[in-house]
Trainee: 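Before we start, here is the structure in question, set down as structure tokens.
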Amino acid sequence: MSIWWSLHLRREAASVPLARRFLLGTMETAGVDPDISFDLSLALSEACANAVEHGGDQGVHDDPEGRGGQFGTRDPWDVWDELPGAASAQYRVTAYLDGEKCRIEVADSGPGFPARSPLRTTAQNYEPRQYPPLGAEDGRGLCLIEQLADHVHFGNRPGRGAVVSFDKVLKWRKDALLMVS
């Protein structure tokens, strides 16, 4: 059996624990080992926090309530139907629990990752990431995701936006409902 879900969330701080609790509830119900669930939920929290903080420009074109303004009326929940020059007030979280693996993707409509940063996966050989200084207040989220997941991909959506996807091999409790056959 597989479980798949997708959330479209507002780029607000309160959405981060909501996404985390949704994932933890799904994994608890399915019977995933609590240590694996914790690692994935922490990685998800970091990816969501990144989307909330960096997932859109804060400019004159923003209309987070979807009330119209310069661009007229639009559906505020249609996160991927963005108008040119308008930044999204939303982001999307998608999770798949399928067999022995959980894959999570967080996508936003922000500026994306800088072009000079090579796209990479943790499975590839590359120069070690330069960690932020110990006194830095931010910048550790992507490094944490890399440490908590088995495979990570940081990329840009065609057009505009960043995508962080990661997966981890699952371990199951003995009483798991979705135990892999």
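Since we're looking at a predicted model, the values are computed, not measured.
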Trainee: Would the distance check show the side chain of R160 and the main-chain N or O of S109 forming a donor-acceptor pair, the cut-off being under 3.5 Å?
Mentor: yes
Trainee: Atom CG in L18, atom CD in E12: separation rounded to 0.5 Å?
Mentor: 10.5 Å
Trainee: Among pairs that include at least one residue of residues 13-38, which meet salt bridge (charged side-chain N to carboxylate O under 4.0 Å, His left out), considering only residues two or more places apart or in two chains?
Mentor: E28-R173
Trainee: Here's a test for you: under side-chain contact (heavy atoms from CB on, under 4.5 Å), which of L40, I36, L44, L42 qualifies with L148?
Mentor: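 So, applying the side-chain contact (heavy atoms from CB on, under 4.5 Å) to L148 and each of L40, I36, L44, L42, only L42 qualifies.
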Trainee: Determine which pairs satisfy salt bridge (charged side-chain N to carboxylate O under 4.0 Å, His left out) with at least one residue from residues 40-50, sequence neighbours left out, and list them in order.
Mentor: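 Pairs touching residues 40-50 that pass the test: none.
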Trainee: Please determine whether side chain to side chain contact (heavy atoms under 4.5 Å, CB included) holds for the pair I3 and Y96, giving the CA-CA distance in whole Å, both sets of side-chain angles, and the decisive distance to 0.1 Å.
Mentor: CA-CA 6 Å; I3 297 175; Y96 308 90; over 6 Å; no
Trainee: What distance do L144 atom CG and S45 atom OG have between them, rounded to the nearest 0.5 Å?
Mentor: 10.5 Å
Trainee: If we only count heavy atoms from C-beta on, is the R92 to L7 side-chain gap below 4.5 Å?
Mentor: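 Counting from C-beta outward, R92 and L7 never come under 4.5 Å.
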Trainee: For D167, what residues pass the side chain to side chain donor-acceptor pair (under 3.5 Å) criterion, not counting sequence neighbours?
Mentor: R103
Trainee: Which residue pairs pass the ring pair (Phe, Tyr, Trp, His ring centres under 6.0 Å) test with at least one member in residues 14-52, sequence neighbours excluded?
Mentor: W5-F22
Trainee: Using the side chain to side chain contact (heavy atoms under 4.5 Å, CB included) rule, take S15 and V52 through it: C-alpha gap first, then chi angles, then the decisive distance, then the call.
Mentor: CA-CA 8 Å; S15 69; V52 167; 3.8 Å; yes
Trainee: Determine whether V16 and M27 fall in the same hydrophobic cluster, where Ile, Leu, Val, Met, Phe, Trp and Tyr are linked whenever their side-chain heavy atoms lie under 4.5 Å apart.
Mentor: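 Yes; M27 is reachable from V16 via cluster members.
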Trainee: Give the minimum heavy-atom separation between A30 and W172, together with the two atoms involved.
Mentor: O-CZ3, 3.5 Å
Trainee: Carefully, step by step, assess H54 and F113 under the rule side chain to side chain contact (heavy atoms under 4.5 Å, CB included).
Mentor: CA-CA 10 Å; H54 305 291; F113 292 101; over 6 Å; no
Trainee: Quick one: closest heavy-atom pair of N156 and A162, and the distance?
Mentor: OD1-CA, 4.1 Å
Trainee: Closest heavy-atom contact between E146 and V152?
Mentor: CA-CG2, 3.8 Å
Trainee: Quick one, I104 with T94, criterion side chain to side chain contact (heavy atoms under 4.5 Å, CB included). Give me CA distance, side-chain angles, the key distance, then yes/no.
Mentor: CA-CA 6 Å; I104 298 172; T94 306; over 6 Å; no
Trainee: Hey, what do you get for CG (L97) to SG (C102), rounding to the nearest 0.5 Å?
Mentor: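 One finds 4.0 Å between CG of L97 and SG of C102.
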Trainee: For a quick test of reading the model, state the closest non-hydrogen atom pair linking A47 to I145 and the distance between them.
Mentor: N-CD1, 3.7 Å
Trainee: Looking only at non-hydrogen atoms, find the nearest pair between L24 and S37 and report the distance.
Mentor: CD2-O, 3.7 Å
Trainee: Test E53 against R11 for salt bridge (Lys or Arg N to Asp or Glu O under 4.0 Å), laying out the working first.
Mentor: CA-CA 8 Å; E53 185 173 346; R11 282 186 36 245; over 6 Å; no
Trainee: What closest approach, in Å, do D150 and V169 show between heavy atoms, and which atom pair accounts for it?
Mentor: OD2-N, 2.7 Å
Trainee: May I ask you to test the L9-V93 pair for a side-chain heavy-atom distance under 4.5 Å?
Mentor: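 Side chain of L9 against side chain of V93, heavy atoms only: contact under 4.5 Å found.
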Trainee: Identify, with sequence neighbours excluded, every residue that meets side chain to side chain contact (heavy atoms under 4.5 Å, CB included) alongside A51.
Mentor: Y91, V106, D108
Trainee: Measure the shortest side-chain to side-chain distance between Q147 and D39 over non-hydrogen atoms and say whether it is less than 4.5 angstrom.
Mentor: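 No - every pair of side-chain heavy atoms lies 4.5 Å or more apart.
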